[in-house]
Asker: 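Shown below is the structure under consideration.
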Amino acid sequence: MQQREEKQLEAAVESLVSRVAHVKNALHSFIYKLENEYERLTWPSVLDNFALISGQLNTINKLLKNEKTPSFRNQVIIPLLLSPDRDEDLAKLTEQRVPVFSHEIVPDYLRTKPDPEVEEQEKQLSVEAARIGPEVAQKQIQTLNKLCSNLLEKLNNPRDDRDAESAAIRQNKPSFNPADTSALVGAVAFGKGLSKCRPPGPVAPGHPGQGPMMGGGPTLQQVTIGGGSSQQAGMGGPVAPQQQGQPGRRPGELGKMPSSIKTNIKSASGSMHPYTR
């Protein structure tokens, strides 16, 4: 009876090792394609590789759940020899992944429970889940289901519908004011709403020998700056500062500017300003 169980166990282990080797080869091939043939890789090919791996995993699960397969949970693996030295046979058997079977490696490879940190986190999650009442848990489940349903609905909607909704929203919310646009175009094109700007002060007639400008525009002119006034000449230039130290003048009293100071005002381009028609 014991020999029969041992033979069944050996056959099950060999079959399981063979199935796992197939899964390993499929994964190796798929990873190679992703790293080296990603430019030629198509989505149907990716789906085929996923389907192949998924089918092989399902086959392993069926093999483990088969009635003829002995329960591996009842089997205990005990390390008989631990050594810090390199084992060439072990390295060849594990494809250079486990070159040494030492006290540091054995707890990780022969562990049947999660790590202590992971196990502690699972306990904390279990305690927090037990604190939540059934009503609160049901409300959270309904809220999560509603969020998932809305997300799936948005993902399933065609792209055209989303574009149409975006266009409708943009049409309902104009980004400009037609009245302001019309006023701006009128001011730039026809000078509507703009005041006529003229240089202050008396304007003398043009010099003799200078021909008329286009549309009766301003010519080369001379403007005499009178005393006591703060008039600006030309394009808004400041008046010459008051001379210091003149006799007979009190502090703070404005005197007359010499009448001999003259300023020549010349139009910028010699043509009529478009807004002084």
Asker: Please check if atom CD in E104 has more than 12 non-hydrogen atoms from other residues, nucleotides or ligands closer than 6.0 Å.
Answerer: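 It does not: E104 CD has 12 such atoms or fewer within range.
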Asker: Where is the tightest heavy-atom contact between L82 and V106, given as atom of each residue plus distance?
Answerer: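 Closest heavy-atom pair between L82 and V106: CD2-CG2, 3.2 Å.
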Asker: May I ask you to test the Q140-T143 pair for a side-chain heavy-atom distance under 4.5 Å?
Answerer: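 SC-SC contact between Q140 and T143 ruled out.
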Asker: By the definition side-chain contact (heavy atoms from CB on, under 4.5 Å), identify the one residue from L63, T69, I60 that meets it with S15.
Answerer: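 The passing option is L63.
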Asker: Tell me whether V13 shares a hydrophobic cluster with L93, the cluster being built from Ile, Leu, Val, Met, Phe, Trp, Tyr side chains joined at under 4.5 Å.
Answerer: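 Result: no, two separate clusters.
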Asker: Less than 4.5 Å apart, any side-chain heavy atom of D87 and any of V98?
Answerer: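 A side-chain contact under 4.5 Å is absent here.
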Asker: Are L47 and V23 in one and the same hydrophobic cluster, where Ile, Leu, Val, Met, Phe, Trp and Tyr link if side-chain heavy atoms are under 4.5 Å apart?
Answerer: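 Per the 4.5 Å side-chain linkage, L47 and V23 are co-clustered.
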Asker: Is a side-chain donor or acceptor of S182 paired with a backbone partner of P178 at a separation under 3.5 angstrom?
Answerer: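 Checking the backbone N and O of P178 against the side chain of S182, a donor-acceptor pair under 3.5 Å is found.
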Asker: Considering non-hydrogen atoms only, spot the tightest contact between I53 and A26 and give its length.
Answerer: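 I53 and A26 have their closest heavy atoms at CG1-CB, 4.0 Å.
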Asker: Has R111 got more than 12 heavy atoms of other residues, nucleotides or ligands less than 6.0 Å from its CZ?
Answerer: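 Check passes, neighbour count above 12.
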Asker: Starting at CG of L16, measure out to OG1 of T59 and round the result to the nearest 0.5 Å.
Answerer: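 Separation between the atoms: 12.0 Å.
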Asker: Can you tell me how far apart CD1 (I31) and CG (N49) are? Round to the nearest 0.5 Å.
Answerer: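 Result: 10.5 Å between the selected atoms.
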Asker: Tell me which one of N58, L52, L57 satisfies side-chain contact (heavy atoms from CB on, under 4.5 Å) with S54.
Answerer: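 The passing option is N58.
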Asker: Please report the closest heavy-atom contact between R86 and E88, naming both atoms and the distance.
Answerer: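 Shortest heavy-atom contact: NE-OE2, 3.0 Å.
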Asker: Can you tell me how far CD of Q96 sits from CG of L90, rounded to the nearest 0.5 angstrom?
Answerer: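 It is 9.5 Å, given to the nearest 0.5 Å.
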Asker: For the residue pair Q56 and H22, what are the closest heavy atoms and their distance?
Answerer: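 Minimum heavy-atom contact is OE1-O, 3.3 Å.
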Asker: With heavy-atom distances below 4.5 Å as the criterion, would you say the side chains of Q8 and R4 are in contact?
Answerer: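 Of all side-chain heavy-atom pairs linking R4 with Q8, at least one is under 4.5 Å.
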Asker: C148 and side-chain contact (heavy atoms from CB on, under 4.5 Å): which single residue from L144, N145, L151 fits?
Answerer: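 Only one option passes, and that is L144.
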Asker: Looking at S18 and E14, would you say the former's side chain and the latter's main chain have a donor-acceptor pair under 3.5 Å?
Answerer: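 Answer holds: no.
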Asker: Judged by atom type as modelled, is there a donor-acceptor pair below 3.5 Å linking the side chain of D115 to the main-chain atoms of E117?
Answerer: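 Not confirmed, D115 side chain does not pair with E117 backbone.
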Asker: Hey, what do you get for CD (E6) to CD (E10), rounding to the nearest 0.5 Å?
Answerer: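 Result: 7.0 Å between the selected atoms.
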Asker: May I ask whether W43 and F30 are part of the same hydrophobic cluster, defined by side-chain heavy atoms of I, L, V, M, F, W, Y residues being less than 4.5 angstrom apart, directly or through others?
Answerer: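 Yes.
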Asker: Would a hydrophobic clustering, with Ile, Leu, Val, Met, Phe, Trp and Tyr connected at side-chain separations under 4.5 Å, put V185 with V188?
Answerer: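 Result: no, two separate clusters.
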Asker: Do V17 and L64 sit in the same hydrophobic cluster, where Ile, Leu, Val, Met, Phe, Trp and Tyr count as joined when their side-chain heavy atoms come under 4.5 Å apart?
Answerer: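 Hydrophobic grouping puts V17 with L64.
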Asker: Can you check whether E128 reaches I132 side chain to side chain, under 4.5 Å on heavy atoms?
Answerer: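 Sidechains of I132 and E128: no contact.
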Asker: Is atom CZ of F72 surrounded by more than 12 heavy atoms (other residues, nucleotides or ligands) closer than 6.0 Å?
Answerer: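 Above 12, so yes.
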Asker: Closest approach of A91 and P99, non-hydrogen atoms and distance?
Answerer: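 Shortest heavy-atom contact: CB-CA, 3.9 Å.
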Asker: Quick check: closest heavy atoms across I105 and V100, and the distance to 0.1 Å?
Answerer: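 In this case the closest contact between I105 and V100 is CD1-O, 2.9 Å.
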Asker: In Å, rounded to the nearest 0.5 Å, how long is the span from OH of Y109 to CD1 of I77?
Answerer: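 The CD1 atom of I77 is 14.0 Å from OH of Y109, to the nearest 0.5 Å.
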